[in-house]
Structure formats: C-alpha cells, structure tokens
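Below is one structure, written out as structure tokens; comments come after it.
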Number of protein chains: 2
Amino acid sequence: MKLSDFEFEVMQVFWDQGSLTAPEVHKVIAEQRKVAYSTVKTIIDRLEEKQALVRERTYGRTILYGAAVTRESLSKPMVHSFIGKLFGGNVRPLFNHVLKEESMSLEDVAYLQEILDQKRRKLEEEKE
Amino acid sequence: MKLSDFEFEVMQVFWDQGSLTAPEVHKVIAEQRKVAYSTVKTIIDRLEEKQALVRERTYGRTILYGAAVTRESLSKPMVHSFIGKLFGGNVRPLFNHVLKEESMSLEDVAYLQEILDQKRRKLEEEKE
DNA sequence: GTTTTATATCTACAGATGTAGTTTCATAGC
DNA sequence: GCTATGAAACTACATCTGTAGATATAAAAC
C-alpha cells in the first residue's frame with residue numbers, strides 16, 4: 001500500500017490517538033496548520049478506499065474511523081525503499097550520514113551502543 | 001529543491017558516473033528497466049529547469065549534462081524530513097527500526113560500533 | 001548532395017495529490 | 001413539527017509525475 005505524505009500524516013494521528021471521527025482528525029491537524037475540513041475528509045475517504053481506515057461505528061451520522069493497518073506494516077517498506085533509494089540498500093552509509101548530519105546527544109549515542117551490542121550478541125548466537 | 005523519485009534516480013546516475021549525455025543516461029537506466037528515450041529526456045529537461053543539471057558542452061547537437069547540485073545537499077534534507085515524518089525527528093526509533101528490520105552482518109555491526117565510538121569521542125571533546 | 005540516423009524539442013495524457021467549495025441530509029434543539 | 005447545525009458526500013481543479021509518441025533538425029554516411 002502506497003500512501004501520500006498527507007495520507008501518512010493522517011494515519012499517524014490514528015496511530016497516536018486511536019479511533020477518531022473526521023471532525024476530530026480535522027481539529028488535530030488544524031492545530032498545526034490551516035486546512036479545510038473537507039480537505040481532511042477527502043484524505044480520510046481516500047484512506048478508507050485504500051482500506052487503511054475502517055468505519056468502526058457511528059454516532060448519529062458521524063462516523064468513527066479506526067486504523068486498519070499498523071504503523072510498522074507501513075513503516076517497514078517505507079524505510080526499506082528509502083534506504084534503497086538513497087544509499088543503495090546499505091546501512092553503513094545511512095548511519096554515516098545520520099551520525100554526521102543529525103543532531104544527537106551523548107545519551108543517544110549510549111543508547112545506540114546498547115542496542116547495537118544487543119544486535120551483535122543476537123547475530124553471534126544465530127551464527128552457531 | 002524537491003525532486004521526484006525518477007528525477008532523483010537520474011541524479012544518482014550523474015553523481016555515480018559524472019557528466020553524461022541524454023542517450024548515455026537512457027542507456028544506463030534502460031539496462032535496469034524498459035523505458036523510452038523521450039521519457040528519460042523529459043526528466044533531464046525537468047532537472048535542467050530546476051537547475052539540478054547544467055549543460056556543460058555539446059558534441060555536434062548532442063548535449064553533455066553535469067550535476068549542478070551535490071548528492072549531499074539533496075540527501076541531507078531528504079533524510080532529515082524522512083526521520084521527521086516517520087520517527088518524529090528522533091534517531092533512536094530510527095535505529096531501533098533499522099536494527100530490527102534491515103538485514104545486517106556482524107561486520108556491519110562492528111563498523112557501526114566503530115563509527116559510533118568515534119562520534120562519542122567527538123561529542124565528549126565538544127562538551128569540554 | 002542526398003539519404004539516413006540520431007538527438008533534441010514539442011506535445012499529450014492519465015493518474016496521483018493537495019486543496020476546498022457545494023450540496024445533501026440526519027439529528028439536535030426549540 | 002420546524003429550524004438550525006454539523007457532518008457526510010459529491011464535485012472540481014491546478015499541479016506534479018511518469019510515461020511516451022510525433023516532429024524537427026543537425027550531423028554522419030554514402
């Protein structure tokens with residue numbers, strides 16, 4: 001499933017906040033930038049069309065929508081294709097780039113060293 | 001400067017191989033998938049319009065194009081906005097995701113530990 | 001000098017995307 | 001029951017993107 005930027009942004013709202021009605025989603029997005037209700041509703045309609053959102057129930061004529069796909073299921077191919085596109089699928093240049101260009105604290109570094117070490121142990125186990 | 005997927009793909013060819021003519025670019029891309037010459041040329045035209053490519057000289061009526069922007073200058077904002085979009089701008093969930101979902105060898109892990117250690121030392125220096 | 005060939009240029013189009021106005025209509029409030 | 005309100009549904013549109021056919025033309029080949 002391929003989502004546009006805006007569609008993905010709306011999905012994030014559902015992943016963060018759970019099931020919502022269209023007016024509620026509009027309110028969340030509109031807090032950050034000016035956007036018409038019908039614009040948000042169009043995106044919701046398209047997400048429903050793509051079966052990324054489903055109708056869970058109604059309050060009167062107001063519809064409660066819920067995410068029908070997980071964040072991970074979408075992120076995974078997105079990250080993969082992004083690394084493919086920018087770094088030829090290799091993690092080394094990705095990490096090089098991030099360490100060089102993205103701001104990081106010493107705590108972030110310590111955290112990354114920790115999870116890297118876990119990964120190393122896991123790979124060593126699997127080797128046997 | 002915002003480039004489409006295909007436009008970025010063509011830029012990669014220039015970054016990898018240096019200056020090229022349109023037929024040469026077409027040949028490179030066509031090795032990987034079926035695409036008409038005029039399709040590739042349209043993308044080159046659009047890249048010229050966006051000033052990502054420049055005409056360097058001509059051989060007869062054939063034009064030699066060259067990249068007018070660096071890979072880094074485009075990758076940097078792309079990576080940054082991607083991390084922003086998927087991981088709220090935090091490197092930790094990015095690394096978590098990559099370590100979990102992307103395939104990596106023990107050598108990759110060792111390499112990452114190495115550059116992380118360099119990063120740690122650099123940050124510690126700067127702290128003082 | 002004419003023909004052939006290759007390249008540039010031009011034109012076109014369908015589908016995706018972000019955007020929002022308009023219309024319909026169910027329900028809430030009176 | 002009537003009216004007002006708010007939400008859904010519908011329609012519209014400019015721009016971007018991938019795609020490529022058609023046309024013009026310079027240079028190469030003969």
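Letters go in sequence order (proteins before strands), and every chain restarts at 1.
In this structure, B:Ile63 places its CD1 atom 14 Å from C1' of D:dA27, rounding to the nearest Å. Going from atom CD1 of B:Ile29 over to atom P of D:dA20 covers 12 Å, rounded to whole Å. Distance, B:Ile43 CD1 to D:dG18 P: 6 Å, rounded to whole Å. A straight line from CG of B:Asp45 to C1' of C:dA12 spans 15 Å, rounded to a whole angstrom. As rounded to whole Å, 19 Å separates atom P of D:dA22 from atom NZ of B:Lys41. Rounded to whole angstrom, the span from the CG atom of B:Asp5 across to the C1' atom of C:dT17 amounts to 14 Å. Going from atom CG of B:Leu64 over to atom P of C:dT7 covers 13 Å, rounded to whole Å. Regarding A:Ile44, its CD1 atom lies at a distance of 16 Å from the C1' atom of C:dT17, rounded to whole Å.
Under 3.5 Å, the side chain of A:Arg61 and the base of C:dT27 form no donor-acceptor pair of N or O atoms. The base of C:dA6 lies outside donor-acceptor range of the side chain of B:Thr62, with no N or O pair under 3.5 Å.
One N or O on the side chain of B:His26 and one on the backbone of B:Val35 form a donor-acceptor pair closer than 3.5 Å. The backbone N or O of A:Ser105 lies less than 3.5 Å from a partner atom in the side chain of A:Asp108, making a donor-acceptor pair.
Nearer to the 5' terminus of DNA chain C, by closest-nucleotide assignment, is the contact made by A:Leu3 (compared with the other of A:Leu3 and A:Ser38). Comparing A:Tyr59 and A:Lys34, the nucleotide of DNA chain C nearest to each residue sits closer to the 5' end for A:Lys34.
A:Asp45 and A:Thr42 are not linked by any side-chain donor-acceptor pair at a separation below 3.5 angstrom, with hydrogens and angles left out of the test.
Nucleic acid contact class of B:Lys27 (heavy atoms, under 4.0 Å, all strands): none. Base engagement by B:Thr39 is indicated by at least one non-hydrogen atom pair under 4.0 Å involving a base atom. If you check every strand for non-hydrogen atoms under 4.0 Å, A:Thr42 touches a base.
Ring planes of B:Phe82 and A:Phe82: parallel class, angle under 30° (limits at 30 and 60°).
Remark: B:Arg33 is in phosphate contact with D:dT19, judged by side-chain N or O atoms under 4.0 Å from OP1 or OP2.
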Salt bridge (charged side-chain N to carboxylate O under 4.0 Å, His left out) between B:Arg120 and B:Glu124, worked out: CA-CA 6 Å; B:Arg120 180 181 56 71; B:Glu124 274 169 354; 3.1 Å; yes
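When distances run from any side-chain atom of B:Arg55 to the nucleotides C:dT9, C:dA20, C:dA26, the shortest one goes to C:dT9. Here C:dT17 is the nucleotide among D:dT17, D:dA20, C:dT17 with the atom lying nearest to any side-chain atom of A:Lys2. Among the nucleotides C:dT19, C:dT17, D:dG18, the one closest to any side-chain atom of B:Phe6 is D:dG18.
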